[in-house]
Amino acid sequence: MAKVERTQPLQAPKGVSEYFPDRSRTFEHVRTSLITAAKNSGYELIELPVFEDTELFKRGVGESTDVVSKEMYTFEDRGGRSITLRPEGTAGVMRSVIEHNLDRGQLPVKVWYSGAFFRAERPQAGRYRQFYQVGIEAIGLNDPEIDVEVIAVAERAFRSLGLKNYHLEITSLGDRESRARYTTDLRKFISTLDLDEESVNRAEINPLRLFDDKREAIKSAMSKAPILMEYLTAESAAHFERVKELLTALGIAFTVNNRMVRGLDYYTGTAFEFVHHDLGAQSGIGGGGRYDGLMAELGGGDLSGIGFGIGVDRCVLACEAEGIALPENLSLDLFIVPITPSSKTLSVTLAEQLRDRGVAVDMAYGDRSLKGGMKAADKSLARFSLVLGDDELASDTASIKNMRTGESRSIKISTLADDAENIFK
Ligand code: HAM
C-alpha cells in the first residue's frame, strides 16, 4: 500500500479557550448552573448575533476603553461595512431592545444570554481572546431592589456551583449630576499631573479611566485623586444605601470598593465585581452594574438598566481550583458491555429501548474483551454497568453493577426497560 503523506496538523488561533471531554463536562455544568440561576428569577433568553455594526460598540462601550480602542476584532465585510465581533453583550442587548421595541411592554425587560465574546487581549491564564459569558440584563426601571436581584442571581449562581473562595465588591458610580460635579474636580486634579500624551487623551474622553492604569507612577498619583463616592447626590447616595441595606438583609456579604473602575464606559450608579481568591491576576469571575445613559446613547428612550456578565471560563477554573466535584447526575446511567457476537444485537436494542425511556445509555463497540469493555465503562463514569454474554442471553438474567458502590444485583433482561424507572432512579 502506498504510504500516505501526513500534512502538518493545524492549531487553534492563539489565546482561544476550548473545551473537549472530559473537561467539557465541567464547562457544561457551569454554564447550565449560571443559566438556571437566571431563569429562576424570571429572566428569558435573548439570542443575538456574535457580530454587530462596529459603531454600536464605539458608541455603547466607549472609545476611551481598552476594549474599544485596542481589543476589538474589527473587519470589513464583503459589502464594505465595518463589522466587529462582540466584545461584550450589553450593547447588543440594548440595540435589540430598541430595534424591536421590547421596552414598550411590561417593565423591566428581563433577559439572559450565553455565548462567545471576543477581545484581542494578551492571552494568559484565565484571559482569552475568545471567551464565554452568561449574562443578564434588567431594563427599564431604576430601583435598588432590581440592583439587588441582579447581584443575588450571580451570588446564587456561584453558590449553586459550590464556590466559596470569592467575595463581592460594590460601589456607586453616581448619576449624571453626581458624575458631572465629580469629573469637573477630577479633571482639575488630573491637569496638575505630568502625564504622557496617550493618558491625556484617554482622560479627555473619560477621566475615570486613569484609575485603571496599571503603571506605578500613575497609580500612585491617582491615589490622591478625589473620590466619586464623596460627590454622590442625595438621591444617588440614598439609592446606594438601600442597595447595601437589602444586600445585608439577604445575608449577601460585600465590601465597598470606592476606587472600582469598570472596564466599560456605560456604567452609572451601582457597580459590582465578584473576585475569586485562587485565580491569580485574572480574578474577576463576574461583574456588572447599572447603565443609565446607554439606551439614549444608542438612539432609544431614556430608560435605565442593570446587568452582569459572568465569565464561564473563569468559573470553570475557580471550580477546579476549589476542587469541586461534578454532580453524579451529569454522567450516563448505564454502560453496556457485550462480550460475545450474539449479545451485540441484544445490547444495541436494549440500549435503544432504555434511551426511549429517558435512560442515558452508552455501550462498548468493536470487539472488546471483558477487561477492555469494563475499562470503557469506568471511563464513561456511568452509574451502572451491564455485561452481556451468551450465558446471560440464554438465562434472560444478568447482573447490573453499581459502579459507585461496587454492588451487583440480578435483573431480568427482557423486563429491564419496563423496570427502568425503578432501577435507574
Ligand atoms: P466585563 O467585566 O468586561 O463586563 O466582563 C464580565 C466577565 O467576563 C468578567 O468578570 C470575566 O469573568 C469575563 N471576562 C472578560 N474578559 C475576559 C477574557 N478576555 N477572558 C476570559 N474571561 C473574560 C461585561 O462584559 C459587561 N457586559 C457586563 C454587564 C452586563 N454589565 C452590565 N450588564
Side-chain angles (χ1 to χ4, degrees), residues 14-19 27 30-31 34 38 43 46 48 52 56-57 60-62 65-68 70-73 85-95 97 108-139 146-147 149-151 153-154 157-158 161 163 166 168-171 173 212 260-276 279-295 304-319:
K14 194 171 165 219
V16 298
S17 60
E18 290 190 291
Y19 298 91
F27 179 84
V30 167
R31 184 173 57 187
L34 302 178
Y43 291 78
I46 185 162
L48 296 175
E52 296 268 4
L56 173 68
F57 302 113
V61 176
T65 62
D66 279 353
V67 169
V68 169
K70 299 183 189 154
E71 297 169 358
M72 292 207 300
Y73 281 99
L85 299 184
R86 61 182 182 188
E88 64 94 53
T90 313
V93 169
M94 293 311 272
R95 193 265 309 137
V97 166
V109 176
K110 292 178 34 169
V111 289
W112 68 267
Y113 49 89
S114 158
F117 294 86
F118 307 85
R119 297 182 192 174
E121 299 193 77
R122 192 131 34 98
Q124 65 178 90
R127 188 164 75 191
Y128 310 109
R129 292 182 169 175
Q130 174 173 331
F131 59 98
Y132 297 87
Q133 275 187 11
V134 168
I136 68 172
E137 312 292 344
I139 299 147
I146 296 178
D147 298 16
E149 177 184 281
V150 167
I151 295 173
V153 169
F158 297 137
L161 285 171
L163 291 175
Y166 67 90
L168 163 67
E169 293 183 0
I170 60 168
T171 194
L173 299 173
D212 230 3
M260 183 194 300
V261 185
R262 302 275 305 133
L264 314 164
D265 268 355
Y266 47 62
Y267 291 111
T268 57
T270 311
F272 57 92
E273 272 170 5
F274 286 87
V275 182
H276 197 273
L279 296 186
Q282 302 307 315
S283 57
I285 48 174
R290 194 160 268 295
Y291 39 85
D292 286 348
L294 179 59
M295 194 158 176
S304 72
I306 180 161
F308 68 59
I310 295 181
V312 183
D313 313 84
R314 291 191 193 165
C315 288
V316 168
L317 292 170
C319 286

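One-based numbering, in listed order, for ligands and for the atoms of each.
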Once the angle between the rings of Tyr166 and His276 is folded into 0 to 90°, is it parallel (under 30°), tilted (30 to 60°) or perpendicular (over 60°)?
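Answer is parallel, since the angle falls under 30°.
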
Please state which protein non-hydrogen atom is closest to [atom] and give its distance, to 0.1 Å?
{"atom": "atom 20 (N) of ligand 1", "answer": "Tyr128 N, 3.0 Å"}
{"atom": "atom 8 (O) of ligand 1", "answer": "Gln133 NE2, 3.1 Å"}
{"atom": "atom 32 (C) of ligand 1", "answer": "Gly307 O, 3.2 Å"}
{"atom": "atom 19 (N) of ligand 1", "answer": "Glu121 OE2, 2.6 Å"}
{"atom": "atom 23 (C) of ligand 1", "answer": "Phe131 CD1, 3.4 Å"}
{"atom": "atom 9 (C) of ligand 1", "answer": "Gly284 O, 3.9 Å"}
{"atom": "atom 2 (O) of ligand 1", "answer": "Arg262 NH2, 2.8 Å"}
{"atom": "atom 31 (N) of ligand 1", "answer": "Tyr267 OH, 2.6 Å"}

Compute the centroid of each ring, for Tyr132 and then for Phe117, and state whether the two points are separated by less than 6.0 Å.
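That pair fails the under 6.0 Å test.
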
Keeping the roles fixed (side chain from [X], backbone from [Y]), state whether a donor-acceptor pair exists under 3.5 Å.
{"X": "Arg86", "Y": "Gly92", "answer": "no"}
{"X": "Arg314", "Y": "Ser283", "answer": "no"}
{"X": "Ser17", "Y": "Tyr128", "answer": "no"}
{"X": "Gln133", "Y": "Gly135", "answer": "no"}
{"X": "Arg119", "Y": "Pro87", "answer": "yes"}

Using 0.5 Å steps for rounding, measure from the SG atom of Cys319 to the CZ atom of Phe158.
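Result: 10.0 Å between the selected atoms.
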
Spacing of CZ belonging to Arg31 relative to CG belonging to Asp313, to within rounding of 0.5 Å
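With rounding to 0.5 Å, CZ (Arg31) is 10.5 Å from CG (Asp313).
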
Below 3.5 Å, N or O to N or O, backbone or side chain included: is there any such pair between [X] and ligand 1?
{"X": "Tyr291", "answer": "no"}
{"X": "Ile310", "answer": "no"}
{"X": "Thr90", "answer": "yes"}

One residue to check: [X]. Relative to ligand 1, which of side chain, backbone, both or neither has a non-hydrogen atom less than 4.0 Å away?
{"X": "Tyr132", "result": "neither"}
{"X": "Glu137", "result": "side chain"}
{"X": "Val67", "result": "neither"}

I need the atoms of ligand 1 closer than 4.0 Å to a non-hydrogen atom of [X], numbered in the order shown.
{"X": "Gly288", "answer": "31 (N)"}
{"X": "Tyr266", "answer": "26 (C), 27 (N), 31 (N)"}
{"X": "Gly309", "answer": "6 (C), 7 (C), 28 (C), 29 (C), 30 (C)"}
{"X": "Gly286", "answer": "10 (O), 12 (O)"}
{"X": "Ile285", "answer": "10 (O), 12 (O)"}

Step by step, work out the side-chain contact (heavy atoms from CB on, under 4.5 Å) result for Phe131 and Phe118.
CA-CA 6 Å; Phe131 59 98; Phe118 307 85; over 6 Å; no

Below 4.0 Å from ligand 1: does a non-hydrogen atom of Gly263 turn up there or not?
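Contact absent.
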
Between ligand 1 and Gly126, can you find any atom pair, the residue atom being a heavy atom, that is separated by under 4.0 Å?
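It does; at least one heavy atom falls under 4.0 Å.
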
Can Leu168 and Ile170 be said to form a side-chain contact (heavy atoms from CB on, under 4.5 Å), step by step?
CA-CA 7 Å; Leu168 163 67; Ile170 60 168; 4.0 Å; yes

Testing the 3.5 Å rule here: is there a donor-acceptor pair between the side chains of Gln130 and Tyr73?
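The criterion, which ignores hydrogens and geometry beyond distance, is not satisfied for Tyr73 and Gln130.
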
Does a side-chain N-to-carboxylate-O contact under 4.0 Å join Arg129 and Glu121?
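Looking at Arg129 and Glu121, the cut-off is not met.
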
Positive for side chain to side chain donor-acceptor pair (under 3.5 Å) with Glu137, one of Tyr43, Trp112, Tyr291:
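Only one option passes, and that is Tyr291.
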
Considering only heavy atoms, which of Glu88, Gln130, Arg86 lies nearest to atom 27 (N) of ligand 1?
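Of the listed residues, Glu88 has the closest heavy atom.
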
Selection from Arg127, Arg119, Arg129 by shortest heavy-atom distance to atom 16 (N) of ligand 1
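Ranked by closest heavy atom to atom 16 (N) of ligand 1, first place is Arg119.
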
